[in-house]
Colleague: 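Structure in structure tokens, see below.
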Protein chains: 2
Amino acid sequence: MSVGIRHDDLRRRNRAMVISAVRRDGQPSRTEIAATTGLSHSTISAISSDLIGECVLMEARGETTSLKRGRPQVALALNPDAAVVAAVVLSLNFLSAAIIDYTGHVVAEEHRRLDTQHMGREDLIQQCIDIVGQGLDRLQLSGRRVLRIALAVQGITDAQARILLWTPITPHTDIPFADLLEARFGIPVIVENDCNMMAEALRWRNPERYREDFIAILLSHGIGMGMILKGELFTGTHSSGGEFGHMIHKPDGARCRCGRRGCVEAYAGNYAIWRNAHGLAESSEPAANIVDDDMQALAALAREGDGPEREAYRTAGEALGFGLGSLFALIDPAPVAVVGIGAAAFDLIEPSLRAAIARTAGGQHSGSISFDTEPDERPLIREGCAMRALTFVDQEIFAPGSQPQESSRQAAAI
Amino acid sequence: MSVGIRHDDLRRRNRAMVISAVRRDGQPSRTEIAATTGLSHSTISAISSDLIGECVLMEARGETTSLKRGRPQVALALNPDAAVVAAVVLSLNFLSAAIIDYTGHVVAEEHRRLDTQHMGREDLIQQCIDIVGQGLDRLQLSGRRVLRIALAVQGITDAQARILLWTPITPHTDIPFADLLEARFGIPVIVENDCNMMAEALRWRNPERYREDFIAILLSHGIGMGMILKGELFTGTHSSGGEFGHMIHKPDGARCRCGRRGCVEAYAGNYAIWRNAHGLAESSEPAANIVDDDMQALAALAREGDGPEREAYRTAGEALGFGLGSLFALIDPAPVAVVGIGAAAFDLIEPSLRAAIARTAGGQHSGSISFDTEPDERPLIREGCAMRALTFVDQEIFAPGSQPQESSRQAAAI
DNA sequence: CTCTTTTTTTCGAGCCTCAAAAAAAATCAT
DNA sequence: ATGATTTTTTTTGAGGCTCGAAAAAAAGAG
């Protein structure tokens, strides 16, 4: 039941558009913004003048040796001090938090190793609260206030990005992180799936390649996916969705970490490759964790010669290929980014993956499907998390109707 | 690169909102529209007064015995003569066209049996042009003009809804129906996948059940799917997408009509059930067509006792269940409508389907997943097609900025 | 120093939405 | 019947927003 457009929405949306144009295009001039948004020069002038007055934007008077004649364009830039956000990443045995300024630069950072699989529920929650608190404390000194906290976590969140419903990193379920952190710090919080944040980050890193439609697949202990379709992050109807790793590859097949059988992950996750490479039964219990070095060693063995190791990677590629084929049957092929330790062994996976895709509906253009690899997922997740938090701030600074100046003036006053 | 909101967009969008509110809610009063859209009474009053002046809407002065005190609400209704559209449905060996008035009522209808599988490309195109021409001719007499043609067809279209890329009903591919029909009739044309139109129709028929997220599955000779996610028709990045029937059930499994192996359809399409029921090899060639009566007879046999027929339906259910499980892994569970002749045998399919789903990631809430059945797909497809054409008209009557009155006045003048 | 070019700001006109007031159209009570 | 009451719809005036045109600003070119 869509709602009518109120008169004041107009300004709000166009303000958002100007801010996002500045965030996206680096340092555009007013004229460039007018061109990309299709709004008139007068409108852009008025809006950017407001935003500068509110200390959201600033004129970047860099000494641009303009080769052109005429009045030189003045570049607009985000004001780094307009806001600060916190990006928290929780993954297997690892917790990190970063404080990010409005331009996306890291102000402070903190890492901790945890035994997430065996920690108590309260302990895990407390650790997250602590690490955020520590970041905030350090900021307190500089006088800036955090306006938004984004928590990226391996696992399934609800569609409202408030609750961690399920995660492989701890047996505890339904942890309402958003409520817990909001109660503690009084700052709006969102909880997002890590792979969704990877996709978000890829779009910022390489908008040429990752624009309207693409897929980011995490090959790690488990298999995760983040997907952007028609320019929007794809989520499930109730949860963060996109559980590519738990699509069924072979009905009643190998045992998956999730307790079911035949999932793609049960053939292509680290533990599955490990299990197959060591000749263990497909029904045997998945290993709890395998360190990256061991996986690297496995890949090295597979590269040395044909044997069970190479076969394990071949099997993984096949599972991924058929899974992608099924996915492409639904959404059509799109560029794929392969992220995580598995990307370091993508040379071993790719041949059987492509062969499998070619045997599916998505394989009609299998030659044109392109894969990019990025072995380290952590920076991606943190970047995506930060950008997610920042774009939320972008849309909150020009506030819900009533006092758009108030909230931003507070930020500006700092 | 989203574009700013111009000042004149505002009116245009709010007009669209009012029209869609009237189409959706039957005969709402101005007050009700103000409530559902969130716009003020004055705005609704102004817009509806315009629309009535342009003969798009009309006041429905039905003798409503208002029980309430106060000035009675006057219901607004669509003006049936505001526009007329054509809904054309092309399926296996069957072509139909209907002329629909602005309220969605059928004005004229025409059916033809064709041998689509063996017709020449030009012949097939000519038949479609003919049947539309015939409908238009008949209308010419009544003086009304068709403003939009929508063609629903089994198969894959491009994302722009202009070209039939591939279809099982004829070996010919890449037929640019939209261009062909537009060239002939000078009326805007869209070409849509039949299952997408089924989904569209279900939303109009039963908005209570089919609202934001649901799936319509066609069980027929092949397997088709239309899906609405977050209130929007889900399409692929390049094509109409949603080729559920060609998700992989068993890698390198049974032979599918599409030439590949192991697709869901190769286990659950009519030809697959037939093949399994008759003990034919999974690698044997799919039958070209099986009449509904034969399928009904097969279902009757299956109901009589345990045998190869019942087993064939069991296998079909299992393929559908694992397929839905994989789908639900991506999008989370949602209500499902089972449409087509297969829905008449859903009692035979459901047990194994549910058992399979329960063994997948989507099966977490398998008990709460609900299925509706509707054995006759044709009326649904026609309805969806009509509504699709009409909603396009809804959004074209308040035109692209310049002369919104012109086009609608033409319609009104008729 | 003046002319040209390009960017940015200013200004007035034209719409649009909104809130409040007024008008309209019915029922209820006497 | 008639006036009071209630509810819906229209009218009116104010305030905002965007736009195009004109003016101002800020450079290089000659």
Side-chain angles (χ1 to χ4, degrees), chain A residues 3-18 27-53 57-76 398-399 401-405, chain B residues 3-18 27-53 57-76 398-399 401-405:
Chain A
V3 103
I5 301 182
R6 311 274 301 280
H7 199 230
D8 35 330
D9 287 349
L10 229 165
R11 223 334 143 62
R12 198 176 52 74
R13 295 204 199 188
N14 285 340
R15 281 170 64 106
M17 192 128 297
V18 169
Q27 303 204 331
S29 69
R30 293 169 176 80
T31 307
E32 283 165 4
I33 296 175
T36 60
T37 60
L39 297 172
S40 72
H41 286 186
S42 5
T43 302
I44 299 300
S45 182
I47 290 177
S48 48
S49 152
D50 283 0
L51 290 172
I52 290 169
L57 300 184
M58 52 196 273
E59 292 190 341
R61 296 208 162 273
E63 299 312 308
T64 51
T65 46
S66 64
L67 302 159
K68 284 188 305 180
R69 230 158 112 132
R71 179 173 176 173
Q73 303 188 346
V74 317
L76 295 179
F398 16 95
S402 40
Q403 310 101 326
Q405 291 83 351
Chain B
V3 103
I5 301 182
R6 311 274 302 279
H7 199 231
D8 35 333
D9 287 350
L10 230 166
R11 221 338 142 60
R12 198 175 51 74
R13 295 205 199 189
N14 285 340
R15 282 171 62 106
M17 192 126 299
V18 170
Q27 302 204 331
S29 69
R30 292 169 175 81
T31 308
E32 284 164 3
I33 296 175
T36 59
T37 61
L39 297 173
S40 72
H41 286 186
S42 5
T43 303
I44 300 299
S45 182
I47 291 177
S48 47
S49 151
D50 283 0
L51 290 172
I52 289 170
L57 299 184
M58 51 196 271
E59 292 190 340
R61 297 208 161 274
E63 300 312 310
T64 51
T65 47
S66 64
L67 302 160
K68 285 189 305 182
R69 227 155 112 134
R71 179 173 175 173
Q73 304 189 344
V74 314
L76 295 178
F398 15 95
S402 40
Q403 312 98 327
Q405 291 81 353

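Order of the sequence lines fixes the chain letters, A, B, ..., with proteins taken first and strands second; residue numbering starts at 1 for each chain.
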Colleague: According to a strict under-4.0 Å criterion, is T43(A) in side-chain N/O contact with OP1 or OP2 of dC19(D)?
Modeller: yes
Colleague: Can you check the D8(B) CG to dA13(C) P distance for me, whole Å?
Modeller: 20 Å
Colleague: Whether the S40(A) and T43(A) side chains hold a donor-acceptor pair (N or O, under 3.5 Å, no angle test) is what I'd like checked.
Modeller: yes
Colleague: Would you mind reading off the distance between I44(B) atom CD1 and dA19(C) atom C1', rounded to a whole angstrom?
Modeller: 15 Å
Colleague: Among dT4(C), dG15(D), dA26(C), which nucleotide sits nearest the side chain of R69(A)?
Modeller: dT4(C)
Colleague: Atom CG of D9(A) to atom P of dC17(D): distance rounded to whole Å?
Modeller: 11 Å
Colleague: Send over the distance from I52(B) CD1 to dT9(D) C1', rounded to a whole Å.
Modeller: 11 Å
Colleague: Tell me what T31(A) touches on the nucleic acid: a base, only sugar-phosphate, or nothing, going by heavy atoms under 4.0 Å.
Modeller: sugar-phosphate
Colleague: Checking side chain to side chain contact (heavy atoms under 4.5 Å, CB included) against I44(B), which of N14(B), T31(B), I33(B), T36(B) comes through?
Modeller: I33(B)
Colleague: Among residues at least two apart in sequence or on other chains, which ones pass side-chain hydrogen bond (donor to acceptor under 3.5 Å, both in side chains) with S29(A)?
Modeller: Q73(A)
Colleague: OP1 or OP2 of dG20(D) sitting under 4.0 Å from any side-chain N/O of S40(A)?
Modeller: no
Colleague: Would you say the base of dT7(C) and the side-chain of R71(A) have a donor-acceptor pair closer than 3.5 Å?
Modeller: yes
Colleague: R12(B) CZ to dC15(C) P: how many Å, rounded?
Modeller: 17 Å
Colleague: How long is the line joining CD1 of I5(B) and P of dC16(C), in whole Å?
Modeller: 15 Å
Colleague: Starting the side chain at C-beta, find the nucleotide from dA26(C), dT6(C), dC19(D) nearest to K68(A).
Modeller: dT6(C)
Colleague: Using only side-chain N and O atoms of N14(A), determine if any of them is under 4.0 Å from OP1 or OP2 of dT18(D).
Modeller: yes
Colleague: Go nucleotide by nucleotide along DNA chain C from the 5' end; which of H7(A) and E32(A) gets its closest nucleotide reached first?
Modeller: E32(A)
Colleague: Taking atom P of dG16(D) as reference, at what distance in whole Å does atom CG of L39(A) sit?
Modeller: 20 Å
Colleague: Please check the phosphate of dG16(D) (OP1 and OP2 only) for any side-chain N or O of R11(A) closer than 4.0 Å.
Modeller: no
Colleague: Looking only at non-hydrogen atoms, find the nearest pair between H41(B) and A34(B) and report the distance.
Modeller: CD2-CB, 3.2 Å
Colleague: Looking at R30(B), I'd like to know whether one of its side-chain N or O atoms comes within less than 4.0 Å of OP1 or OP2 on dT10(D).
Modeller: yes
Colleague: So, OP1 or OP2 of dC19(D): does either fall under 4.0 Å of a side-chain N or O from R6(B)?
Modeller: yes
Colleague: Please determine whether a side-chain nitrogen of the Lys or Arg among D9(A) and R6(A) lies less than 4.0 Å from a carboxylate oxygen of the Asp or Glu.
Modeller: no
Colleague: Using atom NE2 of H41(B) as one end and atom C1' of dC18(C) as the other, report the distance to the nearest whole Å.
Modeller: 12 Å
Colleague: Looking only at side-chain N and O atoms, does S45(B) come under 4.0 Å of OP1 or OP2 in dT10(D)?
Modeller: yes
